[in-house]
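Inspection log for the structure reproduced underneath, given as structure tokens.
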Amino acid sequence: MLITFEGIDGCGKSTQIRLLEQWLRENNIHFSLFREPGGTNLSETIRSMLLNSGVDMNPVTELLLFSAARSQLISEKVKPLLEEGRVVILDRFYDSTTAYQGYGRNSAALDQIEALNKLAGHNLVPDITFYLKIELEEAERRTRNDFKDRMEKSGREFFQKVIDGFDRISKNNPRFQILDATLPPDMIHNQVREFLKTFL
Ligand code: TYD
């Protein structure tokens with residue numbers, strides 16, 4: 001079973017993943033967790049290139065590097081684990097590419113991005129995708145004092161387009177569970193658990 005988490009920087013994704021990890025451990029449910037971009041030696045190397053704010057990167061190059069990191073993680077780790085029947089949690093997956101590179105950067109036409117996502121995702125489709133929805137102002141308030149990587153330095157207009165992208169792809173897609181990221185973390189976690197109970 002493949003569970004993914006999505007949302008813009010500052011939405012509280014990491015907190016929710018940590019709470020879910022705890023709950024799965026308490027219930028003796030084995031799982032593997034990976035972050036994107038990352039999760040293999042090669043993908044972590046690509047991650048450091050992508051997030052390095054000293055690098056000036058063409059948008060198509062960026063799109064291809066996120067996809068390259070993904071292809072390696074999915075083929076090397078995620079696919080084999082799913083074939084063994086494991087629960088796999090991904091901290092971001094190709095919906096981030098659609099929202100950030102597609103809607104945010106306009107790196108390529110959406111149908112091209114969809115094709116690339118299929119290729120780099122080795123045709124995997126998540127069973128459930130939790131989208132932590134938050135307004136730009138609130139996310140900015142939460143991340144005001146954080147160190148900013150190359151992606152996070154992309155500016156307000158970019159992030160508003162990313163939010164619009166996530167809103168659009170999550171709407172009317174039964175794979176998505178849209179969570180109100182402004183609720184207290186425990187309350188959001190309870191909702192995550194409720195959704196997952198029907199699967200696990
Ligand atoms: P990370 O520090 O993991 O951010 P977060 O904790 O918010 O997940 O950095 C990943 C960054 O890369 C984040 O800004 C989102 C961006 N990203 C893309 O632009 N496209 C993608 O396909 C993925 C997976 C991430």
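Whatever order the structure lists ligands and atoms in, that order sets their numbers, starting from 1. Computed from a predicted model, the values in this text were never measured in an experiment.
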Does the pair Tyr100 and Asp9 meet the rule for a side-chain hydrogen bond (donor to acceptor under 3.5 Å, both in side chains), with working shown?
-> CA-CA 11 Å; Tyr100 281 79; Asp9 311 73; 2.7 Å; yes
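- Side-chain contact between Leu116 and Leu63 is present, with heavy atoms from C-beta onward closer than 4.5 Å.
- Its side chain within the 4.5 Å cluster rule, Leu82 clusters with Leu2, Phe34, Leu73, Ile74, Val78, Leu81, Val88, Leu90, Phe93, Tyr94, Leu124, Val125 among the Ile, Leu, Val, Met, Phe, Trp and Tyr residues.
- Side chains of Met1 and Leu200 form a contact here, defined as non-hydrogen atoms less than 4.5 Å apart.
- A chain of hydrophobic side-chain contacts below 4.5 Å, direct or via other Ile, Leu, Val, Met, Phe, Trp or Tyr residues, connects Val87 to Phe5.
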Ligand 1 polar-atom proximity to protein (N/O, under 3.5 Å):
from, atom 1, to, atom 2, distance (Å)
ligand 1, 2 (O), Arg47, NH2, 3.2
ligand 1, 3 (O), Arg47, NH1, 3.4
ligand 1, 3 (O), Arg47, NH2, 3.1
ligand 1, 7 (O), Asp9, OD2, 3.1
ligand 1, 7 (O), Arg92, NH2, 3.0
ligand 1, 8 (O), Lys13, NZ, 2.8
ligand 1, 8 (O), Arg92, NE, 2.8
ligand 1, 8 (O), Arg92, NH2, 3.3
ligand 1, 14 (O), Asp9, OD2, 2.9
ligand 1, 19 (O), Gln101, NE2, 2.9
ligand 1, 20 (N), Gln101, OE1, 2.8
ligand 1, 22 (O), Arg70, NH2, 3.1
ligand 1, 22 (O), Thr97, N, 3.3
ligand 1, 22 (O), Thr97, OG1, 2.5

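- The backbone N or O of Trp23 sits less than 3.5 Å from a side-chain atom of Asn27, completing a donor-acceptor pair.
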